[in-house]
Amino acid sequence: MAGNAKDLTNSTFDQAVSTGVTLVDFWAPWCPPCKMQGPIVEKLADSYSGKALIAKVNVDEEGEAASKYGVASIPTIVVLKDGKEVQRFVGLQQEPTLASALDSLL
C-alpha cells in the first residue's frame, strides 16, 4: 500500500510523533480489516498533508513500536499530540470518525 502515509519504524517512531498531531495506523498485510482501513488512512494523508502526520506501522516488522503502545489487535489507530496518546480506535474506522479526532486537535 504505497501512498502519502509515512511508514514508521521502531527507530523513527518516537522522533516522528514527538511534535504536532499524528495519526498512526498499526496494521499487518495479512489482516483483512487492515486492508480496508489502508485506503481510508491514505485519503486522510492527502487531506491532512501539511497539517498532521498520517503514519503507518507494520506490526509484523516493527513490533517494538506496537508493543510500546500496547497494540493487542489490529487495525489499531492511535492519535497523538506532541508524542502523547490522546485517542485510540480499535477495529475498522470510517474517515469522518478519524477526521473528527484530528480536527479536534488542530
Side-chain angles (χ1 to χ4, degrees):
M1 290 190 296
N4 287 330
K6 183 175 173 67
D7 286 304
L8 297 182
T9 65
N10 293 329
S11 58
T12 62
F13 191 92
D14 288 338
Q15 177 67 33
V17 306
S18 64
T19 56
V21 175
T22 310
L23 179 147
V24 183
D25 175 18
F26 290 92
W27 70 287
W30 48 264
C31 158
C34 298
K35 290 179 183 171
M36 293 162 47
Q37 188 71 70
I40 295 168
V41 170
E42 290 298 343
K43 197 167 175 196
L44 288 169
D46 292 338
S47 305
Y48 287 87
S49 179
K51 294 187 273 187
L53 172 64
I54 310 299
K56 301 184 301 191
V57 173
N58 181 331
V59 298
D60 286 347
E61 296 173 1
E62 309 299 336
E64 190 179 305
S67 65
K68 176 180 176 182
Y69 282 88
V71 173
S73 57
I74 51 173
T76 290
I77 293 184
V78 176
V79 181
L80 303 108
K81 171 99 182 197
D82 298 331
K84 298 196 177 7
E85 180 177 335
V86 289
Q87 206 164 359
R88 174 179 295 233
F89 302 93
V90 179
L92 180 62
Q93 302 297 318
Q94 297 306 314
E95 184 183 358
T97 304
L98 300 175
S100 173
L102 290 168
D103 290 344
S104 71
L105 297 170
L106 293 171

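Count residues from 1 along the sequence.
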Does Ser49 reach the main-chain N or O of Asp46 with its side chain, forming a donor-acceptor pair under 3.5 Å?
no
About how many Å separate [atom2] of [Y] and [atom1] of [X], when rounded to the nearest 0.5 Å?
{"X": "Asn4", "Y": "Lys56", "atom1": "CG", "atom2": "NZ", "value": "10.0 Å"}
{"X": "Leu80", "Y": "Leu53", "atom1": "CG", "atom2": "CG", "value": "9.5 Å"}
{"X": "Leu23", "Y": "Leu98", "atom1": "CG", "atom2": "CG", "value": "5.5 Å"}
{"X": "Asp82", "Y": "Leu105", "atom1": "CG", "atom2": "CG", "value": "9.5 Å"}
{"X": "Phe13", "Y": "Lys68", "atom1": "CZ", "atom2": "NZ", "value": "7.0 Å"}

Considering all heavy atoms of both residues, which atom of [X] and which atom of [Y] are nearest to each other, and what is their separation?
{"X": "Gln37", "Y": "Gly91", "result": "OE1-O, 3.8 Å"}
{"X": "Leu92", "Y": "Pro33", "result": "CD1-O, 3.8 Å"}
{"X": "Cys31", "Y": "Pro75", "result": "SG-CD, 4.0 Å"}
{"X": "Ile54", "Y": "Ala45", "result": "CG1-CA, 3.5 Å"}

Beyond-backbone contact of [X] with [Y], side-chain heavy atoms, under 4.5 angstrom:
{"X": "Trp27", "Y": "Val41", "result": "no"}
{"X": "Gln87", "Y": "Lys81", "result": "no"}
{"X": "Lys51", "Y": "Leu102", "result": "no"}

Grouping I, L, V, M, F, W and Y whenever their side-chain heavy atoms are under 4.5 Å apart, do [X] and [Y] come out in a common cluster?
{"X": "Leu44", "Y": "Val21", "answer": "yes"}
{"X": "Trp30", "Y": "Val71", "answer": "yes"}
{"X": "Ile77", "Y": "Val86", "answer": "yes"}
{"X": "Val79", "Y": "Tyr69", "answer": "no"}

Give me each pair satisfying side chain to side chain donor-acceptor pair (under 3.5 Å) with a member in residues 89-101, each pair once, sequence neighbours excluded.
Lys43-Glu95
Using the test side chain to side chain donor-acceptor pair (under 3.5 Å), find all partners of Lys6 that sit at least two apart in sequence or belong to another chain.
none
Side chain to side chain donor-acceptor pair (under 3.5 Å) partners of Glu62, counting only residues at least two apart:
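Glu62 satisfies side chain to side chain donor-acceptor pair (under 3.5 Å) with Asn10 only.
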Would Tyr48 and Asp103 count as having a side-chain donor-acceptor pair, cut-off 3.5 Å?
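Side-chain D/A pair, Tyr48 to Asp103: present.
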Test side chain to side chain contact (heavy atoms under 4.5 Å, CB included) applied to Leu8 and Val17, Asp25, Asn58, the passing residue
Val17
Before giving the answer on side-chain contact (heavy atoms from CB on, under 4.5 Å), spell out for Val57 and Phe26 the whole-Å C-alpha distance, their side-chain angles and the decisive distance to 0.1 Å.
CA-CA 5 Å; Val57 173; Phe26 290 92; 3.7 Å; yes
If you draw a 6.0 Å radius around CD in Glu64, do more than 12 non-hydrogen atoms from other residues or ligands fall strictly inside?
no
